[in-house]
Amino acid sequence: MRHFSFPGIFSLCCATLLTACKLYYPVEQINYKPVQVSITEGKRLTMLLCGPCHYNASTKDYSGKKLEDSPGMLGHIYASNITKDPEAGIGSYAASELAYLIRTGISRTGKLMPYMKRPNISDEDLNTIIAYLQSDDTLVKASARNPGKTKYTPIGRFGISMSKPLPYPTQASMKLSANKISRGRYLVDNLACFHCHSKSYPSLNIAEPEKSKGYMGGGNRMKGADNKTIQSPNLTFHATGIANWTEEDLRKALQEGISKNNQALAFPMPLYSELTKDEVSSIYAYLKSIPPIDNNVKRKDTNLRDGYSGKELYTNYSCKSCHGTDGKSPFDLTQAFNKYDNETLKKYIQNPKAFGNTQMPAFENIIPEEQYPVLIQYLKMLGQSHAPE
């Protein structure tokens, strides 16, 4: 899915409060009344919907980061600081202003962030996310950190100025359906799966996702960690998509970042480890229900020859997808050889969650035992800045 990701397109809107146009901002007319909700659930939902762009793994908070997956033609894009800092973050936003921002993509200054729009988010989820953003949780504690200044190209500014604002809903959104297919449709919409996995960003229909061209059929072009163009996979139940996937295959891909062929999913696809079993089941049921699309998206060859090199392992297990060709971008691993000995580094790769890293797939039972020494040696060479080409 996810994450140019929501992965992609959602990240563009969240990246900055600067756009080319100002809009009328009738926030005082919004009938928004915060209610008592679960902060724990709000934390889970915020990580699912906002975390792929705003969560900074280095600072372990929502102080934002550079969006490495955004197309270069748009400029250099940074996800905003959404901690409670009143100046650098969103600490000065009222609950009604956050509601307006999330549903329409219009900031309190009247500027439009086109892909921030979540017009179909339920009242329950909206209330829960806002309550969490205004809570005392560590991840949203006020941080004055500036993640970076977004600089759009003329093409980027023009594209954003052409986006039409959506009106704030005049009626309360319906409660979430218990029906699996309806629930799956809701999740694919609000997790922005269709942003990346449909035909293209310009042809998306944010208000009515299923009217997007090539809906969930893949082929959308985005930038990988090595700055090369990659295409999103087909997620419809066609032979060229995921027709042979089981529900467990989908769960493993979403929650662990490992595909059916035991390969790590490529950046910018994030991990959705916060999804529940029922939510994964609902997404699976919904994907089975939508019209299949014949779109054979070319994917990389994952077969390894005998006598493989460390570089080949690094590429084959998609390390390059998150760490780049040089091991530094967007997630820097070049200091790992200083911080960990070989055995500890191996354990880290096998189970990164044990070291507090919830964004990296676990490679235990994925990488054969005999390949670790070769891979780890290559990682050390990356850290020493003379990895062989």
Exercise. Are a donor atom and an acceptor atom from the side chains of Thr246 and Asp249 found within less than 3.5 Å of each other?
Worked result: yes
Problem set entry | Residues which pass ring-ring contact (aromatic ring centres under 6.0 Å, His included) with Tyr55, listed by chain and number, not counting sequence neighbours | Tyr62
Exercise. What distance separates Tyr348 OH from Glu343 CD, expressed to the nearest 0.5 Å?
Worked result: 16.0 Å
For this session: Could you tell me whether Asp61 and Lys84 make a salt bridge, using a distance below 4.0 angstrom between a side-chain N and a carboxylate O?
Result: no
Problem set entry | More than 12 heavy atoms from other groups under 6.0 Å of NZ on Lys151 | no
Exercise. Any side-chain heavy-atom pair from Gln350 and Phe363 closer than 4.5 angstrom?
Worked result: no
Problem set entry | Flag side-chain contact, heavy atom, 4.5 Å: Lys252 against Asn262 | yes
For this session: Take Leu379 and Ile349 through the side chain to side chain contact (heavy atoms under 4.5 Å, CB included) test and state the conclusion after the steps.
Result: CA-CA 11 Å; Leu379 297 181; Ile349 295 170; 4.0 Å; yes
Exercise. Does a donor on one side chain and an acceptor on the other come within less than 3.5 Å for Asn261 and Ser259?
Worked result: yes
Problem set entry | pair Leu191-Leu49: side-chain heavy atoms closer than 4.5 Å | yes
Problem set entry | side chain to side chain donor-acceptor pair (under 3.5 Å) assessment of Lys117 paired with Thr104 | CA-CA 5 Å; Lys117 306 169 187 174; Thr104 69; over 6 Å; no
Problem set entry | For Glu41 against Ser38, the heavy-atom pair lying closest together | N-OG, 3.1 Å
Problem set entry | Least distance between heavy atoms, Leu375 atom then Gly310 atom | CD1-O, 4.3 Å
Exercise. Taking the inter-plane angle between the rings of Phe355 and Tyr340 on a 0 to 90° scale, is it parallel (under 30°), tilted (30 to 60°) or perpendicular (over 60°)?
Worked result: perpendicular
Exercise. Hey, are the side chains of Tyr378 and Ser309 touching, using non-hydrogen atoms and a 4.5 Å cut-off?
Worked result: no
Exercise. Do you know which two heavy atoms are closest between Val188 and Tyr286, and how far apart they sit?
Worked result: CG2-CD2, 3.8 Å
Problem set entry | Polar side chain donor-acceptor pair, Lys180 to Ser281, under 3.5 angstrom | yes
Exercise. Can a donor-acceptor pair be found between the side chains of Asp278 and Thr276 at a distance below 3.5 Å?
Worked result: no
Exercise. What pairs meet the side chain to side chain donor-acceptor pair (under 3.5 Å) rule with one or both residues in residues 139-148, with sequence neighbours excluded?
Worked result: Ser63-Arg145
Problem set entry | Charged N-O contact under 4.0 Å between Glu279 and Arg44 | yes
For this session: Using atom types as modelled and distance alone, determine if a side-chain donor or acceptor of Tyr215 lies under 3.5 Å from a backbone N or O of His197.
Result: no
Exercise. Can you find a pair of side-chain heavy atoms, one from Arg185 and one from Glu210, that are under 4.5 Å apart?
Worked result: yes
Exercise. Which heavy-atom pair separates Ser198 from Leu204 by the least distance, and what is that distance?
Worked result: CB-CD2, 4.0 Å
Problem set entry | Close side-chain approach of Pro119 to Ile206, heavy-atom, < 4.5 Å | yes
Exercise. How about Leu275 and Gln255: do any of their side-chain heavy atoms sit closer than 4.5 Å?
Worked result: yes
Exercise. Do Ser273 and Glu256 have a side chain donor and acceptor closer than 3.5 Å?
Worked result: no
Exercise. Could you state the interatomic distance from CD1 (Ile230) to CE (Met222), rounded to the nearest 0.5 Å?
Worked result: 6.0 Å
Exercise. Do Tyr317 and Gln371 have side-chain N/O donor and acceptor atoms under 3.5 Å apart?
Worked result: yes
For this session: Any chance you could measure Leu45, atom CG, to Ile121, atom CD1, to the nearest 0.5 Å?
Result: 7.5 Å
Problem set entry | Glu87, CD atom: more than 12 neighbouring heavy atoms under 6.0 Å | no
Exercise. Measuring from His195:NE2 to Asp189:CG, what's the distance to the nearest 0.5 Å?
Worked result: 7.0 Å
Problem set entry | Any side-chain heavy-atom pair of Pro233 and Val297 under 4.5 Å | no
Seminar exercise, completed: Closest non-hydrogen contact found for Ile242 with Leu235 is CD1-O, 3.5 Å
For this session: Would you give the length of the straight line joining atom CG of Leu187 to atom CD1 of Ile283, rounded to the nearest 0.5 angstrom?
Result: 4.5 Å
Problem set entry | Side-chain donor-acceptor pair present, Thr83, Asp85, cut-off under 3.5 Å | no
For this session: Could you check Asn205 against Phe194 for side chain to side chain contact (heavy atoms under 4.5 Å, CB included), going step by step and ending with a plain yes or no?
Result: CA-CA 10 Å; Asn205 188 322; Phe194 76 100; over 6 Å; no
For this session: Examine the side chains of Thr240 and His238 and answer whether a donor and an acceptor come within less than 3.5 Å of each other.
Result: yes
For this session: Would you give the length of the straight line joining atom CZ of Arg221 to atom SG of Cys196, rounded to the nearest 0.5 angstrom?
Result: 14.5 Å
Exercise. Between Leu98 and Tyr100, is there a shared hydrophobic cluster once you connect ILVMFWY residues whose side-chain heavy atoms come closer than 4.5 Å?
Worked result: yes
Exercise. If Ile, Leu, Val, Met, Phe, Trp and Tyr residues are connected whenever their side-chain heavy atoms lie under 4.5 Å apart, and connections chain through other members, are Leu287 and Ile293 in the same group?
Worked result: no
Exercise. Can you find a side-chain donor-acceptor pair between Asn342 and Lys380 that sits under 3.5 Å?
Worked result: yes
For this session: Check whether any side-chain N or O of Asn357 sits under 3.5 Å from a backbone N or O of Pro352 as a donor-acceptor pair, and report yes or no.
Result: no
Problem set entry | Ile129 and Leu133: CA distance, side-chain angles, deciding distance, side chain to side chain contact (heavy atoms under 4.5 Å, CB included) verdict | CA-CA 6 Å; Ile129 288 172; Leu133 291 174; 4.0 Å; yes
For this session: Check the pair Asp341, Thr344 against side chain to side chain donor-acceptor pair (under 3.5 Å), reporting the backbone distance first and the verdict last.
Result: CA-CA 5 Å; Asp341 59 30; Thr344 305; 2.7 Å; yes
Problem set entry | Check: Ser182 side chain, Asn179 main-chain N or O, donor-acceptor pair, under 3.5 Å | no
Problem set entry | Main-chain N/O of Asn190 paired with Arg118 side-chain donor or acceptor, under 3.5 Å | yes
Exercise. Does any N or O in the side chain of Thr128 come within less than 3.5 Å of the main-chain N or O of Val37, such that one atom is a donor and the other an acceptor?
Worked result: no
For this session: Identify, with sequence neighbours excluded, every residue that meets side-chain contact (heavy atoms from CB on, under 4.5 Å) alongside Ala94.
Result: Ser96, Glu97
Exercise. Are the side chain of Ser80 and the backbone of Ile82 linked by a donor-acceptor contact shorter than 3.5 Å?
Worked result: no
Problem set entry | By side-chain hydrogen bond (donor to acceptor under 3.5 Å, both in side chains) - contacts of Gln377 (at least two apart) | none
Problem set entry | By ring-ring contact (aromatic ring centres under 6.0 Å, His included) - contacts of Tyr186 (at least two apart) | none
Problem set entry | Non-neighbouring partners of Tyr372 that pass ring-ring contact (aromatic ring centres under 6.0 Å, His included), sequence neighbours left out | none
Problem set entry | For Asn81 against Ala88, the heavy-atom pair lying closest together | CB-O, 3.2 Å
For this session: Might you work through the side chain to side chain contact (heavy atoms under 4.5 Å, CB included) test for Arg251 and Lys277, ending with a clear yes or no?
Result: CA-CA 8 Å; Arg251 184 208 64 76; Lys277 181 179 179 180; 5.8 Å; no
